[in-house]
There are 2 protein chains.
Amino acid sequence: MKIKTASSRVSETRRLIVHMIREQWAKEEGRLPSEERIAEMFGVSRSTVRAALGELESSGFIHRKHGLGTFVNPIASQIHARLDAWIEFKKLIEQSGFEADIQLLGLHKGPLSPDEAKKLGSSPGEPAVTVRKLFTADGQPAILCQDTIPLALLPPDCNAALLETSDTFHFLAKNGLGPVSYGVAHLIARCADAALADLLRIPAGTPLLALENVGYAPSDSPLFLSSELYCPGLIDFGIMRRHLY
Amino acid sequence: MKIKTASSRVSETRRLIVHMIREQWAKEEGRLPSEERIAEMFGVSRSTVRAALGELESSGFIHRKHGLGTFVNPIASQIHARLDAWIEFKKLIEQSGFEADIQLLGLHKGPLSPDEAKKLGSSPGEPAVTVRKLFTADGQPAILCQDTIPLALLPPDCNAALLETSDTFHFLAKNGLGPVSYGVAHLIARCADAALADLLRIPAGTPLLALENVGYAPSDSPLFLSSELYCPGLIDFGIMRRHLY
DNA sequence: AAGTGGTCTAGACCACAAA
DNA sequence: TTGTGGTCTAGACCACTTC
């Protein structure tokens, strides 16, 4: 079976392997067919299969044992929320086993603070739009999010309604900012003050996990800021750690 | 110049490229030589160079632009402490710009709690050794760490002194547990209680970042537990996030 | 010996960007 | 047009594991 070169054979092969992992195999076997066999199945060369498997291995989804075979990593699949994965909050909440909902808290335009400008590689005072949203999990406040986007990056006819109802990723994609290539998050622990406690329906002083993100374009230029506050007990972030070079 | 196959040409090439990034090039250029050129320089094929570059790209150290070249990622180098990198605390503290020191708080043997046993895939009550250490940055308490290792995994003649003075990684490597392949951390925000505040010399109620780690062998079997508590303001964890498959 | 992943190569061709 | 990275292949050989 030849696969269509929708994007590239490697990524298509990777997609099919992911499918294979999720559907039939993994559940009982935990072991994938041999590289040669996969190559036959998809009509590509072994090198292509190895490239696809290599990507999956570096993300921790599988690991290969010399002389034995390729195995699904049972640990990775137990992480419901991967901190190194940047996904829409709705998906994140759903993956964690809850029903997700969005609540718009506010949207306003204003100048960038010096701190914000620094993170965005912009100048203080530059106009920007800031939107605050509350995401609920099974009706319970789960994630408080505040996104800030410099107006200079948005087209004049930008659709503000989208900002209110959809995820920031979608909004950016549909407003010419192109794809968000990656983000860098810094982690901080915070305690809920009175206002926050009220909003999130938790006791004042509750410790919260905060992520301060900067989103970057493929060119490494900063696109937007995103502050995320996570209520405890709902989203359990996990991350695989290894020795780097 | 042919390189020696110390481990593998790809990893040796990667090492040399990392060196290249750190030393000469990056600083002024930010751009690496072309793949063809690197291949010549190191006496390997372009495919080998691409494999090495691919690894560095997936870790975020470089990114490649079609038709333009390979560039050092300026963002990644600004992250002093990568959450996805598992390194010794001493290095972590030093990389963050401080002088590191270790202080042994206690070492005792006892049975595993049900929760610990579950994480380790072991049975409650199994004997284990637990060690508590405090790492200081410029003399100031920075990381409180508690490691738990099942006794069953350790050789009878295990060198307990090492546990006290060195990092857990070193201890494990030198006691037959082999290399720690990877770890999975879960993130939690905590508030310092009175005892903790006293120990860490911070106000009671200060929010702390906590990492609950499980270390795994290459075979995916759990090796040890590691609880880490980070005092605010010293170690600033960053993490690159992207869209996964 | 058979099957598996690990390593590496040489080379072809494509796609993008700049001059 | 030139130089760059992107994709893909076929095939050789090695190293580990099991039988």
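Below, chains carry the letters A, B, ... as their sequence lines are ordered, and counting in each starts from 1.
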*Asks:* Under 4.0 Å from OP1 or OP2 of D:dG5: is there any side-chain N or O of B:Thr70 that close?
*Replies:*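 Result: yes.
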
*Asks:* Checking B:Glu212 against B:Ser227: is there a side-chain donor and acceptor pair closer than 3.5 Å?
*Replies:* yes

*Asks:* Minimum heavy-atom separation for B:Ala100 to B:Lys90, with atom names?
*Replies:* CB-O, 3.8 Å

*Asks:* Quick check for you: among C:dT7, D:dG6, C:dC8, whose closest atom lies nearest to any side-chain atom of A:Arg50?
*Replies:*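 The closest nucleotide is C:dT7.
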
*Asks:* Once the angle between the rings of B:Phe237 and B:Tyr230 is folded into 0 to 90°, is it parallel (under 30°), tilted (30 to 60°) or perpendicular (over 60°)?
*Replies:*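 The rings of B:Phe237 and B:Tyr230 stand perpendicular, inter-plane angle above 60°.
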
*Asks:* Which nucleotide sits closest to the side chain of A:Arg46: C:dG5, D:dC8, C:dT9?
*Replies:*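 It is C:dG5.
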
*Asks:* If I take atom CD in residue B:Glu36 and atom C1' in nucleotide D:dT4, what distance separates them, rounded to the nearest angstrom?
*Replies:*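 Distance check: B:Glu36 CD to D:dT4 C1' gives 10 Å.
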
*Asks:* For B:Ser47, report the nucleic acid contact type (base, sugar-phosphate, nothing); a contact means any heavy atom under 4.0 Å.
*Replies:* base

*Asks:* Would you kindly give the CD-to-P distance between A:Glu55 and D:dC8, to the nearest whole Å?
*Replies:* 11 Å

*Asks:* Of the nucleotides D:dA10, D:dT18, C:dA18, which has the atom closest to the A:Ser45 side chain?
*Replies:* D:dA10

*Asks:* Which label fits A:Phe71 and A:His63: parallel for a plane angle under 30°, tilted from 30 to 60°, or perpendicular past 60°?
*Replies:* parallel

*Asks:* Nearest to the side chain of A:Glu35, heavy atoms from C-beta on, is which of C:dC8, C:dG5, D:dG5?
*Replies:*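 Nearest listed nucleotide: C:dG5.
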
*Asks:* Measure the distance from NZ on A:Lys65 to C1' on D:dT18 and round it to the nearest whole Å.
*Replies:* 14 Å

*Asks:* Once you round it to whole Å, what is the distance between P of C:dT4 and CD of A:Glu40?
*Replies:*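 Whole-Å distance recorded here is 10 Å.
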
*Asks:* Indicate whether the side chain of A:Thr13 and that of A:Thr48 have a donor and an acceptor atom separated by less than 3.5 Å.
*Replies:*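 Side chains of A:Thr13 and A:Thr48: no pair found under 3.5 Å.
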
*Asks:* Establish, with yes or no, whether the OP1 or OP2 oxygen of C:dT7 is under 4.0 angstrom from a side-chain nitrogen or oxygen of B:Thr48.
*Replies:*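 Answer is no, no contact under 4.0 Å.
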
*Asks:* Can you measure B:Arg64 atom CZ to C:dC14 atom C1' for me and round it to whole angstrom units?
*Replies:* 16 Å

*Asks:* Using whole Å, what does the distance between atom P of nucleotide D:dG5 and atom CG of B:Leu32 come to?
*Replies:* 9 Å

*Asks:* Mark this stacking check for A:His66 against D:dA15 as yes or no, applying ring centres under 5.5 Å and ring planes under 30°.
*Replies:* yes

*Asks:* Side chain of B:Ser34: nearest nucleotide among D:dT9, D:dC8, D:dT4?
*Replies:*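 Looking only at heavy atoms from C-beta outward on B:Ser34, the closest nucleotide is D:dT4.
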
*Asks:* Let me know the distance between CD of A:Glu12 and C1' of D:dT7, rounded to the nearest Å.
*Replies:* 14 Å

*Asks:* What's the closest nucleotide to the A:Val44 side chain, out of D:dT9, D:dG6, C:dT9?
*Replies:* D:dT9

*Asks:* If you check the A:Arg9 side chain, which of C:dG5, D:dT4, D:dC8 turns out closest?
*Replies:* D:dC8

*Asks:* Grab the CD1-P distance between A:Ile62 and C:dT4 for me, whole Å please.
*Replies:*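 Going from CD1 in A:Ile62 over to P in C:dT4 covers 15 Å.
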
